**Student:** 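Have a look at this one.
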Amino acid sequence: MDDINIAIKKLDQYACHKLTSARYLHSVLVAKESIVLAKKFGVDHKKAYLAGIAHDIAREFSNTRILKLADKYQLEIDNLQRLYPASLLHGPIASKILEYDFSIKDSQILNAVFYHTTGSPNMERFEKIICVADYIEPSRNFTGVGKLRNLAYKDLDLCLYHCLLGTYYHLKKQGLNPHKLLVDTITQLKQ
């Protein structure tokens, strides 16, 4: 068994034991969707599975724990991230856990997990796949998700744009301010 398969097995066990069954199922579905997208767009499908299974490993941490880990990993955080740590920092914290606790050094995997919630300008194809897979995995059930699933396999950039725009409008509808990274990514994808 090669290193990536060993890492996948360890992360799958970690996610299975640390997450609720619903969150674990979501992670597995994101991982499986990531494989299919990775094969479609010619990126490493094993790495995509790993990023998919790991993307939410910190999603159920308390706000207090997230902020302590942000301090431990010396993450620079802004006011919005400090206000909503579990929502906005679970990706960056998961990325640091992969790097320091699981010795994952692959920058594509680390960046994909780090930015899966907000996106980031100049994302690589690999990062886009994880972000889109998180948004369209088969258990997602919202108006328009079927069109996004079809679009994902035709135009990944346009699909990512609509996924992030959906997040933007969802936040606005709840009276929340979208993070600057989300806005900057949408702006870049629109051009």
Side-chain angles (χ1 to χ4, degrees), residues 1-38 43-77 80-120 123 126-142 163 167 170-171 176 179 181-182:
M1 184 180 288
D2 60 12
D3 289 347
I4 189 85
N5 287 332
I6 292 169
I8 287 170
K9 186 174 181 180
K10 287 180 180 177
L11 280 161
D12 184 69
Q13 290 172 344
Y14 181 89
C16 183
H17 289 100
K18 297 288 184 185
L19 300 175
T20 61
S21 59
R23 180 79 58 195
Y24 174 69
L25 175 61
H26 163 70
S27 296
V28 170
L29 293 173
V30 170
K32 289 181 177 179
E33 188 69 38
S34 295
I35 284 180
V36 180
L37 285 167
V43 301
D44 188 315
H45 67 278
K46 286 186 178 180
K47 286 177 24 176
Y49 187 89
L50 190 152
I53 201 73
H55 80 287
D56 267 355
I57 58 173
R59 186 63 181 93
E60 295 175 345
F61 290 178
S62 69
N63 286 335
T64 301
R65 185 173 179 192
I66 292 272
L67 289 172
K68 283 182 181 176
L69 288 170
D71 188 47
K72 173 185 171 184
Y73 295 126
Q74 299 179 334
L75 287 172
E76 289 186 28
I77 59 176
L80 201 58
Q81 290 169 323
R82 190 167 301 283
L83 193 59
Y84 303 106
S87 297
L88 292 173
L89 290 173
H90 74 273
I93 295 298
S95 177
K96 295 299 179 186
I97 290 171
L98 291 179
E99 183 177 0
Y100 292 106
D101 296 351
F102 289 90
S103 300
I104 303 290
K105 303 299 180 197
D106 185 292
S107 62
Q108 285 185 321
I109 294 170
L110 296 176
N111 286 339
V113 170
F114 195 102
Y115 295 112
H116 80 269
T117 301
T118 59
S120 176
M123 293 172 80
F126 185 88
E127 297 166 60
K128 294 174 184 175
I129 285 171
I130 304 307
C131 197
V132 166
D134 185 28
Y135 205 83
I136 66 166
E137 56 90 347
S139 76
R140 299 287 195 195
N141 185 18
F142 57 87
C163 291
T167 299
H170 177 73
L171 292 170
L176 301 172
H179 192 268
L181 276 174
L182 178 69

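This one's a predicted model, so the numbers in the text were calculated from it and none came from an experiment. We number each residue from 1, following the sequence as shown.
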**Student:** Run the side-chain contact (heavy atoms from CB on, under 4.5 Å) test on Leu37 and Lys128 for me, step by step, so that the C-alpha distance in whole Å, both residues' side-chain angles and the decisive distance to 0.1 Å come before the verdict.
**Tutor:** CA-CA 10 Å; Leu37 285 167; Lys128 294 174 184 175; over 6 Å; no

**Student:** For the pair Tyr24 and Asp12, evaluate side chain to side chain donor-acceptor pair (under 3.5 Å) and give the outcome as yes or no after the intermediate values.
**Tutor:** CA-CA 9 Å; Tyr24 174 69; Asp12 184 69; 2.7 Å; yes

**Student:** Hey, are the side chains of Ile130 and Asp134 touching, using non-hydrogen atoms and a 4.5 Å cut-off?
**Tutor:**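 Sidechains of Asp134 and Ile130: no contact.
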
**Student:** In Å and rounded to the nearest 0.5 Å, what is the CG to CD1 distance from Leu75 to Ile93?
**Tutor:**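 Answer for the CG-CD1 pair, Leu75 versus Ile93, is 5.0 Å.
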
**Student:** Rounded to the nearest 0.5 Å, what separation is found between the CD1 atom of Ile35 and the CG atom of Leu50?
**Tutor:**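 With rounding to 0.5 Å, CD1 (Ile35) is 10.5 Å from CG (Leu50).
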
**Student:** Would Lys47 pass as a cation-pi partner of Phe126, given that its NZ or CZ must be under 6.0 Å from the six-membered ring centre and within 45 degrees of the axis?
**Tutor:**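 Relative to the ring axis of Phe126, which defines the angle, Lys47 lies inside both limits.
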
**Student:** Can you confirm whether more than 12 heavy atoms, excluding those of Gln13, are under 6.0 Å from its CD atom?
**Tutor:**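 Counting other residues, nucleotides and ligands, CD of Gln13 exceeds 12 neighbours.
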
**Student:** Can you measure from CG (Leu67) to OG (Ser62) and round to the nearest 0.5 angstrom?
**Tutor:**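 The CG atom of Leu67 sits 8.5 Å away from the OG atom of Ser62.
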
**Student:** Look at the aromatic rings of Phe142 and Tyr135 and report parallel, tilted or perpendicular, splitting at 30° and 60°.
**Tutor:**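 Because their plane-to-plane angle is over 60°, the rings of Phe142 and Tyr135 count as perpendicular.
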
**Student:** Kindly indicate, with the supporting measurements, whether the criterion side chain to side chain donor-acceptor pair (under 3.5 Å) is fulfilled by Ser120 and Glu127.
**Tutor:** CA-CA 9 Å; Ser120 176; Glu127 297 166 60; 5.7 Å; no

**Student:** From the options Arg65, Lys18, Arg23, select the one residue that forms a salt bridge (charged side-chain N to carboxylate O under 4.0 Å, His left out) with Glu60.
**Tutor:**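 Only one of Arg65, Lys18, Arg23 forms a salt bridge (charged side-chain N to carboxylate O under 4.0 Å, His left out) with Glu60, namely Arg23.
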
**Student:** I'd like to check His116 versus His90 (side-chain heavy atoms, cut-off strictly below 4.5 Å). Are they in contact?
**Tutor:**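 In contact.
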
**Student:** Walk me through it: do Tyr14 and Ile53 pass the test side-chain contact (heavy atoms from CB on, under 4.5 Å)?
**Tutor:** CA-CA 10 Å; Tyr14 181 89; Ile53 201 73; over 6 Å; no

**Student:** Decide yes or no for Phe61 and Ile97: does some side-chain heavy atom of the first lie under 4.5 Å from some side-chain heavy atom of the second?
**Tutor:**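 Side-chain contact under 4.5 Å: yes.
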
**Student:** For residues Leu25 and Ser139, determine if any side-chain heavy atom of one lies less than 4.5 Å from a side-chain heavy atom of the other.
**Tutor:**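 Heavy-atom side-chain distance check fails, nothing below 4.5 Å.
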
**Student:** Looking at OG1 of Thr167 and CG of Leu176, how far apart are the two atoms once the value is rounded to the nearest 0.5 Å?
**Tutor:**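 If we round to the nearest 0.5 Å, Thr167:OG1 and Leu176:CG are 12.0 Å apart.
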
**Student:** Restricting to non-hydrogen atoms, name the atom on Ala7 and the atom on Ile104 that form the minimum distance, rounded to 0.1 Å.
**Tutor:**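 Scanning both residues completely, I find the closest heavy atoms to be CB-CD1, 3.9 Å.
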
**Student:** Let me confirm one number: the CG-CZ distance from Leu29 to Arg140, rounded to the nearest 0.5 Å.
**Tutor:**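 One gets 10.0 Å once the value is rounded to the nearest 0.5 Å.
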
**Student:** Begin from the C-alpha positions of His55 and Val30 and carry the test side-chain contact (heavy atoms from CB on, under 4.5 Å) through to its verdict.
**Tutor:** CA-CA 9 Å; His55 80 287; Val30 170; 3.6 Å; yes

**Student:** Can any side-chain N or O of Ser95 pair as donor or acceptor with the backbone N or O of Leu110 at less than 3.5 Å?
**Tutor:**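 Indeed, once roles are kept as given, a pair shorter than 3.5 Å links the two residues.
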
**Student:** Could you report the tightest heavy-atom contact between Ala54 and Val113, atom names first, then the distance?
**Tutor:**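 The answer is O-CG1, 4.3 Å.
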
**Student:** Once you round to the nearest 0.5 Å, how far does NE2 of His26 lie from CZ of Arg59?
**Tutor:**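 With rounding to 0.5 Å, NE2 (His26) is 9.0 Å from CZ (Arg59).
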
